[in-house]
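The sequence lines fix the lettering, A, B, ..., with proteins before strands; numbering per chain opens at 1. Just so it is clear, the model here is predicted, and its values are computed rather than measured.
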Amino acid sequence: MSKISTITGFADLFPPESGLFSFMEGKAREVFGSYGYNELRVPILEHTELFARSIGAETDVVQKEMYTFPDRKGRSLTMRPEATAGMMRACIEKGGQEGISKYFSYGPMFRYERPQKGRMRQFHQIDCECLGAHEPQADAEVVLMLMHFLGELGLNELELQINTLGCKACRPAYRELLTKFLQGIDHEQLCEDCKRRVQSNPLRVLDCKASTCKALTENAPTMQEHVCPDCQSHFNTVMGVLEKASQPFVLNHRLVRGLDYYMRTTFEVVSTNIGAQSSVAGGGRYDGLVSQLGGPDLPGIGFACGMERLALLMQKESAPEQDFYLAVLEAEALDTALLLACSLRRAGKKGEVSFAARSAKSQLRQAGKSGARYCLILGGNEYAKGSILVKDMTSGEQHEVMQEELIKSVK
RNA sequence: GCGGAUGUAGCUCAGUUGGCAGAGCACCUGGUUGUGGCCCAGGUGGCCGUGGGUUCAAAUCCCAUCAUUCGCCCCA
């Protein structure tokens with residue numbers, strides 16, 4: 001029979017990575033919970049229109065990266081490529097969103113891209129969304145919370161980048177200004193993609209990685225210089241709070257997020273140690289999104305962290321030590337050994353028991369590898385007496401005790 | 001969607017000009033009647049990614065294909 005393997009870009013998570021994921025999820029619950037965030041679990045499958053309307057029909061994500069297919073009644077469904085849209089949909093549907101609501105979520109996302117280091121077709125994100133706050137302090141809190149969370153994961157060497165994208169009032173004018181600038185420079189030297197972007201999405205030219213494009217746009221007008229007074233003051237307050245909190249950051253005028261719903265504050269956390277896919281978290285403000293999805297006119301701000309990318313940066317923990325390894329030397333003692341091991345576990349001890357009787361040498365080897373503090377040896381002699389040998393794996397000393405007493409002693 | 005690299009033992013990888021399929025680690029057994037780590041001896045384990053082609057002969061050369069991986073792009 002031929003083997004069946006995983007789908008390209010889909011990965012099985014074994015230890016130690018699976019342990020890192022659990023650790024991150026636990027820390028998320030703990031840290032975000034302390035900021036008043038509660039967990040929201042939403043479906044993985046949604047109506048395609050949800051993503052087209054929120055992320056933007058013209059974005060790469062929607063145009064060529066979604067897992068979209070018709071269900072049995074012909075409705076177009078899509079496996080979520082990101083979490084924000086679904087979480088917004090859920091909040092709108094539930095209704096009653098008075099005041100501020102804060103939710104976090106985590107789980108798999110799906111994008112049909114070419115896999116590489118730090119990029120899978122099924123990948124995992126931790127998401128936080130804060131609805132109902134338009135104040136710049138909310139932006140600052142979200143950013144500080146993200147950095148707090150990353151710090152709790154042991155990641156302190158990351159760079160925080162921030163930018164402002166302006167709002168409905170000032171972005172169109174800036175866009176026009178930038179387009180004029182781009183038309184003024186030597187058009188032919190731009191890369192093929194950017195030649196198109198001048199028309200379709202001029203802001204994206206600023207984010208191009210090609211060195212020639214970077215050089216050509218060196219003196220391009222920045223969004224920050226051309227935002228309206230409201231946006232300027234909003235952004236100044238955000239930066240001010242970050243400074244008062246001693247949170248280092250760098251202004252990145254080229255930080256243009258790829259999802260259309262972002263406005264005003266955007267931010268990204270990058271690492272130089274994980275290859276080309278350097279962004280480990282990103283987010284921003286999305287005040288128009290909720291109403292765009294048919295809900296009330298609520299402001300929102302949030303972010304997503306890429307768990308695979310964070311895992312690349314985190315130290316892999318070694319296997320947890322165990323309290324005992326129960327070695328069985330005679331087949332007749334196997335059942336007794338199993339029951340004994342279960343009693344010890346119910347008393348709170350961690351350990352394994354051999355399922356087959358084998359030589360003392362091979363079992364001691366096994367015990368050594370398991371990292372067990374004690375090797376419990378049950379051979380023919382002990383079995384007959386109802387006793388067991390307890391060997392300290394560190395000192396090598398051993399003594400014989402009755403099985404009943406062993407159980408009592410650990411309770 | 002585009003480009004580069006790589007597919008040989010469970011793992012990491014050698015394999016010369018086309019000529020018997022290899023090493024280290026891991027695993028198992030023994031050296032020690034029932035005592036681990038170190039050491040020694042022996043052993044298990046392979047459709048050489050898959051399918052075609054060239055050849056007396058292919059892991060090796062050619063074509064195709066699949067997979068993995070690193071980039072481009074995009075994004076977390």
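- Under 4.0 Å is where a charged nitrogen must lie from a carboxylate oxygen, and between A/Glu382 and A/Lys385 no such pair does.
- Within the structure, every side-chain polar atom (N or O) of A/Ser359 is placed at least 4.0 Å from both OP1 and OP2 of B/G34.
- With rounding to whole Å, A/Arg365 atom CZ is found 7 Å from B/C28 atom P.
- Across the C1' atoms, B/A59 and B/U6 are found 15 Å apart, a figure rounded to whole Å.
- Using P as the reference atom, B/C39 and B/U44 are 22 Å apart when rounded to the nearest Å.
- The partner of B/G51 is B/C63, by the rule that a Watson-Crick or G-U pair needs both atom distances under 3.5 Å.
- Side-chain N/O atoms of A/Thr394 and A/Arg373 include a donor and acceptor closer than 3.5 Å.
- Side-chain to base pairing of A/Arg119 with B/C73: one donor and one acceptor N or O lie within less than 3.5 Å of each other.
- Checked against B/C28, B/G34, B/A76, the side chain of A/Ala360 finds its nearest nucleotide in B/G34.
- If you take CZ of A/Phe14 and C1' of B/C11, they are 14 Å apart, rounded to a whole angstrom.
- The CZ atom of A/Arg114 sits 13 Å away from the P atom of B/A5 (whole-angstrom rounding).
- Between A/Tyr67 and A/Tyr112, the distance from one ring center to the other falls under 6.0 angstrom.
- Between the side chain of A/Gln63 and the base of B/G1 there is no donor-acceptor pair of N/O atoms closer than 3.5 Å.
- Atom P of B/A67 sits at a distance of 35 Å from the matching atom of B/C28, rounded to the whole Å.
- Salt bridge status for A/Arg80 with A/Glu46: absent, with no side-chain N to carboxylate O gap under 4.0 Å.
- Counting heavy atoms of neighbouring residues, nucleotides and ligands inside a 6.0 Å radius, atom CD of A/Glu49 does not exceed 12 of them.
- Backbone-only engagement by A/Ala304 is indicated by non-hydrogen atom pairs under 4.0 Å involving sugar-phosphate atoms exclusively.
- Residue-level contact check: A/Glu397 touches neither bases nor backbone, having no heavy atom under 4.0 Å from any strand.
- Between the side chain of A/Asp297 and the main chain of A/Ser291, no donor-acceptor pair closer than 3.5 Å is present.
- Within the 4.0 Å cut-off from OP1 or OP2 of B/A67, at least one side-chain nitrogen or oxygen of A/Thr8 is found.
- Comparing atom distances between the A/Asn381 side chain and each of B/U29, B/A76, B/G34 picks out B/G34 as nearest.
- Across the protein-nucleic acid pair, A/Met120 atom CE and B/A76 atom C1' stand 13 Å apart, rounded to whole Å.
- Distance check on atom C1': B/A14 versus B/G31 gives 31 Å, rounded to whole Å.
- The side chain of A/Ser279 approaches B/A76 more closely than any other nucleotide in the set B/U35, B/U29, B/A76.
- Considering only the side chain of A/Leu389, B/G34 comes nearest among B/G36, B/C73, B/G34.
- To the nearest whole angstrom, the two P atoms, one in B/A26 and one in B/C63, are 41 Å apart.
- Residue contacts for A/Met307: at a heavy-atom cut-off of 4.0 Å it reaches no nucleic acid atom on any strand shown.
- In the model, A/Glu400 has a side-chain atom that pairs as donor or acceptor with a side-chain atom of A/Ser387 under 3.5 Å.
- Between the C1' atoms of B/A9 and B/C48, the separation comes to 10 Å (whole Å).
- Within the shown strands, nothing qualifies as a pairing partner of B/A14 under the Watson-Crick or G-U definition with both distances less than 3.5 Å.
- Note on A/Lys117: only backbone sugar-phosphate atoms sit closer than 4.0 angstrom, heavy atoms only; bases stay farther off.
- Pair assignment for B/C20: none, as no Watson-Crick or G-U wobble contacts are both less than 3.5 Å.
- Between B/G51 and B/U60, the two P atoms lie 13 Å apart (nearest whole Å).
- Distance, A/Gln161 CD to B/C75 P: 14 Å, rounded to whole Å.
- Across all strands shown, B/U32 has no partner, as no Watson-Crick or G-U wobble contact with both distances under 3.5 Å is found.
- Using a 4.0 Å heavy-atom criterion, one finds that A/Glu82 contacts no nucleic acid atom at all.
- For the P atoms, the distance linking B/U16 with B/A58 amounts to 16 Å, nearest Å.
- Within the 4.0 angstrom heavy-atom criterion, no nucleotide atom of any strand lies near A/Gln363.
- Side-chain N/O atoms of A/Ser271 and A/Ser278 include no donor and acceptor closer than 3.5 Å.
- With distances taken from any side-chain atom of A/Leu364 to the nucleotides B/U29, B/U35, B/C73, the minimum falls on B/U35.
- Taking for each of A/Lys391 and A/Arg111 the nucleotide of RNA chain B with the nearest heavy atom, the 5'-most of the two is the partner of A/Lys391.
- Within the 4.0 Å cut-off from OP1 or OP2 of B/A76, not a single side-chain nitrogen or oxygen of A/Gln125 is found.
- Across all strands shown, B/G1 forms a Watson-Crick or G-U wobble pair with B/C72, both key distances being under 3.5 Å.
- If A/Gly275 and A/Arg309 are placed on RNA chain B by their nearest nucleotide, the residue sitting closer to the 5' end is A/Gly275.
- Nucleotide B/C27 forms a pair with B/G43, judged by Watson-Crick or G-U wobble geometry with both contacts under 3.5 Å.
- Atom CG of A/Leu146 is separated from atom P of B/A76 by 13 Å (rounded to the nearest Å).
- As rounded to whole Å, 7 Å separates atom P of B/G30 from atom NZ of A/Lys361.
- Distances were taken from every side-chain heavy atom of A/Leu329 (C-beta onward) to each of B/U35, B/C75, B/G34; the shortest belongs to B/G34.
- Remark: A/His234 engages no residue in a ring-ring contact (aromatic ring centres under 6.0 Å, His included) (not counting sequence neighbours).
- The phosphate of B/C27 has OP1 or OP2 within less than 4.0 Å of a side-chain N or O from A/Lys369.
- Going from atom CG of A/Leu160 over to atom C1' of B/A76 covers 15 Å, rounded to whole Å.
- In this structure, A/Ile126 reaches neither bases nor backbone, as no heavy-atom distance under 4.0 Å exists between it and the strands shown.
- Nucleic acid contact for A/Leu310: none, since no nucleic acid atom lies under 4.0 Å from a heavy atom of the residue.
- A/Gly283 comes within 4.0 angstrom of nothing in the nucleic acid, heavy atoms only.
- In a base pair of the Watson-Crick type (N1 to N3 plus N6-O4 or O6-N4) or a G-U wobble (N1-O2 and O6-N3), with each distance short of 3.5 Å, B/G37 is matched with no nucleotide.
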